[in-house]
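Just so we're on the same page: letters track the sequence lines, and every chain starts at 1. Just so it is clear, the model here is predicted, and its values are computed rather than measured.
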2 protein chains.
Amino acid sequence: MTNKIDISLQKAQSECSRTGLRLTDKRCKVLKILLQAAEPLSAYDIVDQFKQVFAESLSAMSAYRMLDFLMQANLVHKLETSNQYLACSHISCEHNHELPQFLICDQCHTVKEIGLSKQLLKELRGSIESTGFVLSSQQLELHGVCEACRAKQSE
Amino acid sequence: MTNKIDISLQKAQSECSRTGLRLTDKRCKVLKILLQAAEPLSAYDIVDQFKQVFAESLSAMSAYRMLDFLMQANLVHKLETSNQYLACSHISCEHNHELPQFLICDQCHTVKEIGLSKQLLKELRGSIESTGFVLSSQQLELHGVCEACRAKQSE
DNA sequence: TATATTATGTTATAACATAACAATTAGCAA
DNA sequence: TTGCTAATTGTTATGTTATAACATAATATA
């Protein structure tokens with residue numbers, strides 16, 4: 001039984017070899033930890049889990065380097081507003097990897113990676129670029145409360 | 001000659017007394033440093049400038065507490081993507097203080113505090129809330145290159 | 001196989017932020 | 001005014017996030 005994580009890992013591996021990137025054993029393990037995580041993890045969280053899960057050491061320095069690699073390969077995103085990392089939720093699908101928008105629940109800390117409509121993003125971009133400013137990234141991080149947590153509250 | 005900074009400080013002072021907040025001497029000095037700064041400053045930048053400008057000590061701990069106060073009073077914003085602080089650009093005007101959107105130039109590090117159109121924000125909010133997620137903040141931080149830096153590049 | 005490049009290990013330290021408790025100051029009621 | 005309370009600031013220690021600098025190991029390829 002091949003689950004979603006394994007499929008993502010395979011896809012990541014094949015995509016990397018296609019583009020000449022080296023998804024080494026340790027990099028792959030870091031990705032696996034992020035794929036298995038229910039929430040975004042800090043770099044030091046990853047170090048801890050790495051040791052636990054694989055009984056193998058990983059220095060913080062190495063973790064940061066591996067995260068940098070995985071981000072360049074578009075396999076991992078960084079949440080700049082919380083200094084945490086998460087696997088791209090579109091590794092296993094055929095989607096084009098556009099810049100992500102994240103909805104971050106400030107109560108349960110889960111994150112939903114969404115794709116806002118092209119139209120809306122275009123308007124946003126247009127509105128901003130009318131000021132003379134050229135966007136380099138359209139990654140958005142929006143904080144709030146997710147549906148599940150709201151449901152819990154109103155019980 | 002009363003300049004914009006003094007006007008802002010007076011306005012901040014009167015707004016605080018009106019709402020029962022205490023804009024103490026040190027808090028006021030921290031605000032002044034941010035008003036005078038051309039760029040957003042880190043907490044430790046503020047500590048350094050405080051010592052230089054006022055020949056008075058300020059611990060990092062105190063700086064963080066004063067920044068917290070100033071943020072609660074809506075006089076200062078924090079850029080979560082760069083861990084820096086800046087004075088609200090609407091202190092001296094009569095505007096309602098709505099949640100800000102920032103355009104951050106990754107080259108010269110200047111920041112422009114803009115107000116996107118109500119309509120666009122409404123669409124954005126609507127599009128997000130259709131997923132069941134309720135936004136708690138609509139502060140946006142958008143990275144790119146400002147007009148001045150682009151002009152310099154194309155010379 | 002030699003060698004150049006890339007990846008990882010290791011140590012130290014910079015940069016950002018908060019906890020915990022003490023001392024001081026301001027606000028206010030008796 | 002005095003004494004009480006709450007808010008502010010001081011102080012020290014420590015936690016958290018991130019990078020610099022240089023050494024060693026693994027890999028690619030000429």
Q: Take atom CE of B/M71 and atom C1' of C/dT18, then tell me their distance rounded to the nearest Å.
A: 13 Å

Q.
Is the shortest side-chain heavy-atom distance between B/F69 and B/V30 below 4.5 Å?
A. no

Q: Determine: side-chain N/O of B/S59 to OP1/OP2 of D/dG10, distance under 4.0 Å, yes or no.
A: no

Q) Nearest-Å distance, CG (B/L23) to C1' (D/dT9)? A) 15 Å

Q) Has A/T24 got a side-chain N or O lying under 4.0 Å from the OP1 or OP2 atom of C/dT8? A) yes

**Q.** Whole-Å distance separating the CG atom of A/L21 from the P atom of C/dT6
**A.** 12 Å

Q. Atom CE of B/M66 and atom C1' of C/dT18: how far apart are they, to the nearest Å?
A. 15 Å

Q) Does A/F102 have any side chain to side chain contact (heavy atoms under 4.5 Å, CB included) partners at least two apart in sequence or in another chain, and if so, which? A) A/H77, A/L79, A/L86, A/P100, A/I104, A/V111, A/E113, A/Q139, A/E141

Q. CG of B/D25 versus C1' of C/dT25: gap in Å, rounded?
A. 13 Å

Q | Any donor-acceptor N or O pair under 3.5 Å, side chains B/S62, B/S59 | A | yes

**Q.** Path from A/F54 to A/L67 over hydrophobic side-chain contacts below 4.5 Å
**A.** yes

Q) Nearest-Å distance, CG (B/L67) to C1' (C/dT18)? A) 14 Å

Q: Whole angstrom is fine here: how far is it from NZ in B/K26 over to P in C/dA26?
A: 13 Å

Q | Which atom of B/E56 lies closest to which atom of B/F50, heavy atoms considered | A | O-CD2, 3.4 Å

Q: Mark up nucleotides 17-30 of chain D, 5' to 3', with B wherever a protein heavy atom is under 4.0 angstrom from a base atom, S wherever such an atom reaches only the sugar-phosphate, and - elsewhere.
A: BBBBB-----SS--

Q | Closest non-hydrogen atom pair between B/V134 and B/E129, with its separation | A | CA-OE2, 3.7 Å

